[in-house]
Amino acid sequence: QVQLVESGGGSVQAGGSLRLSCAASGYRRCMAWFRQGPGKEREGVARITGNGITNYADSVKGRFTISRDNAKTTLYLQMNSLKPEDTGIYYCAAVGANDCFDSKLTFLYWGQGTQVTVSS
């Protein structure tokens, strides 16, 4: 069992930046950030493998960067040029799998989420 704890959320104006962190109690190869905006379904934001290969949702490409520190089992999401539509609860997730970018991959471990609010 892996426990995940997010931090770093807050309120910023459009164009600002935030860095989210996710502290994990153990290592899993595939880690990801998801988010859920008000009145919206949860959506994938970014994924990363154990050796640093990444993938991003089109809506955040060029603005967000996912990274990890495997020695600390910590996941990060650097968010730049934030837009109001980025507002939502951001969740860290993890799972051990061969293909981290399989669209049908089920993430087994989830954090409680951290709120990000971007005002215009």
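Computation of the quantities below employed the complete heavy-atom set of this structure, encompassing side-chain atoms and omitting hydrogens, waters and symmetry-equivalent molecules. Just so we're clear, the structure is a prediction, and the values are computed from it rather than from any experiment.
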| Spatial distance of atom CD (E6) from atom CG (L20) [nearest 0.5 Å] | 8.5 Å
| said: side chain to side chain contact (heavy atoms under 4.5 Å, CB included), that's the test. Do R28 and V95 meet it? Break it down for me. | reply: CA-CA 6 Å; R28 291 295 185 273; V95 68; 5.8 Å; no
| remark: CG (N51) and SG (C100) are apart, to the nearest 0.5 Å, by 8.5 Å
| field | Gap between atom CD of Q3 and atom SG of C22 - 0.5 Å precision | value | 11.5 Å
| query | Hey, mind stepping through E43 and R35 against side chain to side chain contact (heavy atoms under 4.5 Å, CB included) and telling me if it holds? | reply | CA-CA 6 Å; E43 64 177 351; R35 68 186 180 188; 2.7 Å; yes
| Under the 4.5 Å side-chain heavy-atom rule for ILVMFWY, direct or indirect, which residues accompany I53? | F101
| task | State whether the number of non-hydrogen atoms from other residues, nucleotides or ligands found under 6.0 Å of N98 atom CG is greater than 12. | result | no
| message | In the structure I gave you, are the side-chain heavy atoms of M31 and Y109 within less than 4.5 Å of one another anywhere? | response | no
| task | Check for a donor-acceptor pair, side chain of T87 on one end and backbone N or O of P84 on the other, with a separation under 3.5 Å. | result | yes
| message | Is there a continuous path of hydrophobic side-chain contacts, each under 4.5 Å between heavy atoms, that joins V5 to I48? | response | no
| request: Describe, in one word, how the ring planes of Y91 and W110 are oriented to each other, choosing from parallel (under 30°), tilted (30 to 60°) and perpendicular (over 60°). | output: perpendicular
| field | Test item: R68 and Y76 side chains (from C-beta on) under 4.5 Å apart, heavy atoms | value | no
| Minimum-distance pair of heavy atoms, taken over all atoms of Y56 and K61 | O-CE, 3.3 Å
| request: Using distance alone, with no hydrogens and no angle criterion, decide if T74 and D69 have a side-chain donor and acceptor under 3.5 Å apart. | output: no
| note | Smallest heavy-atom separation, E41 atom then Q36 atom, equals C-CG, 4.1 Å
| Side chains of R63 and K83: closer than 4.5 Å at any heavy-atom pair? | yes
| said: Working to the nearest 0.5 angstrom, can you tell me the gap between L77 CG and S67 OG? | reply: 8.5 Å
| request: Verify side chain to side chain contact (heavy atoms under 4.5 Å, CB included) between L18 and L82, making sure each step is shown before the conclusion. | output: CA-CA 8 Å; L18 284 173; L82 283 162; 4.2 Å; yes
| query | Do M79 and S17 have side-chain heavy atoms sitting under 4.5 Å apart? | reply | no
| Heavy-atom count around Q13 CD within 6.0 Å, excluding the residue itself: above 12? | no
| S21 side, atom OG; L75 side, atom CG - distance, nearest 0.5 Å | 8.5 Å
| Euclidean distance, Q1 CD relative to L108 CG, rounded to 0.5 Å | 9.0 Å
| request: Under the side chain to side chain contact (heavy atoms under 4.5 Å, CB included) rule, what do L105 and R47 come out as? Steps first, then yes or no, please. | output: CA-CA 11 Å; L105 179 63; R47 300 186 184 190; 3.9 Å; yes
| message | Counting neighbours of CD on Q112 that are heavy atoms of other residues, nucleotides or ligands and sit closer than 6.0 Å, is the number greater than 12? | response | no
| task | Please step through ring-ring contact (aromatic ring centres under 6.0 Å, His included) for the pair F64 and W33, ending with a clear verdict. | result | CA-CA 11 Å; F64 290 12; W33 289 98; 9.9 Å; no
| message | Please give me the minimum heavy-atom distance between A24 and T73, naming the atom from each residue. | response | O-OG1, 2.8 Å
